[in-house]
Amino acid sequence: MNANSTGKSPWGGWLLHAAVGVALTAVLAALAAPRVALLVAVLATGIAHEIGDGDFRRANGGPWNGVLDVLAFLPAPLVYLVAHG
């Protein structure tokens with residue numbers, strides 16, 4: 001079942017996506033991954049997750065539902081890129 005079809009506020013889902021983005025950013029930064037590779041890895045993880053959820057399909061509110069969820073993964077790597085740019 002799609003997590004976004006429960007009728008609850010999307011903030012819980014977006015916060016969870018952001019937390020995963022923070023965790024993945026932290027792990028890749030600790031491993032000294034190149035900055036652009038870090039961003040690409042977090043973005044790819046977000047896209048793969050949303051494809052798996054089916055959030056890009058029209059039946060599940062796509063494509064915008066999937067796009068917004070992918071964007072929720074990105075604050076941490078973007079802050080990292082700006083801070084270490």
Side-chain angles (χ1 to χ4, degrees):
M1 178 171 195
N2 185 336
N4 293 328
S5 65
T6 61
K8 294 181 182 179
S9 170
W11 287 104
W14 289 338
L15 289 175
L16 183 59
H17 286 68
V20 170
V22 167
L24 185 55
T25 299
V27 168
L28 292 172
L31 294 172
R35 292 186 314 264
V36 175
L38 186 144
L39 177 65
V40 169
V42 174
L43 183 61
T45 300
I47 291 170
H49 169 72
E50 296 311 319
I51 288 172
D53 274 356
D55 283 348
F56 289 115
R57 295 177 19 222
R58 291 192 193 274
N60 294 331
W64 292 112
N65 185 34
V67 170
L68 293 174
D69 284 355
V70 168
L71 291 176
F73 279 90
L74 296 180
L78 292 176
V79 168
Y80 180 82
L81 285 175
V82 169
H84 294 92

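Model, not experiment: these values are computed from the prediction.
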Output a table of donor-acceptor pairs, distance under 3.5 Å, between side-chain atoms of residues 42-49 and any protein atom two or more places apart or on a different chain; print 'none' if there are none.
residue, atom, partner, partner atom, Å
T45, OG1, A41, O, 2.8
H49, NE2, H17, NE2, 3.4
H49, NE2, D53, OD2, 3.1

Only pairs under 3.5 Å count here: list side-chain donor-acceptor contacts from residues 76-85, not counting sequence neighbours, and write none if there are none.
residue, atom, partner, partner atom, Å
H84, ND1, Y80, O, 3.2

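The side chain to side chain contact (heavy atoms under 4.5 Å, CB included) with E50 is formed by just one residue from the set V67, D69, N60; it is D69.
The structure places CG of N65 at 4.0 Å from CG of D55, a figure rounded to the nearest 0.5 Å. The distance from the CZ atom of F73 to the CH2 atom of W14 is 13.0 Å, given to the nearest 0.5 Å.
Every pair tested for side-chain hydrogen bond (donor to acceptor under 3.5 Å, both in side chains) that includes a residue from residues 19-36 fails, sequence neighbours excluded, so the list is empty.
Applying the under-4.5 Å side-chain rule to Ile, Leu, Val, Met, Phe, Trp and Tyr, the cluster around L16 consists of that residue alone. In the hydrophobic clustering, V40 connects to V36, either directly or through intervening members, whenever side-chain heavy atoms lie under 4.5 Å apart.
Residues L38 and L31 are members of separate hydrophobic clusters, defined by side-chain heavy-atom contacts under 4.5 angstrom among Ile, Leu, Val, Met, Phe, Trp and Tyr. Follow the hydrophobic side-chain contacts under 4.5 Å out from V22 and you never reach L71; the two are in separate clusters.
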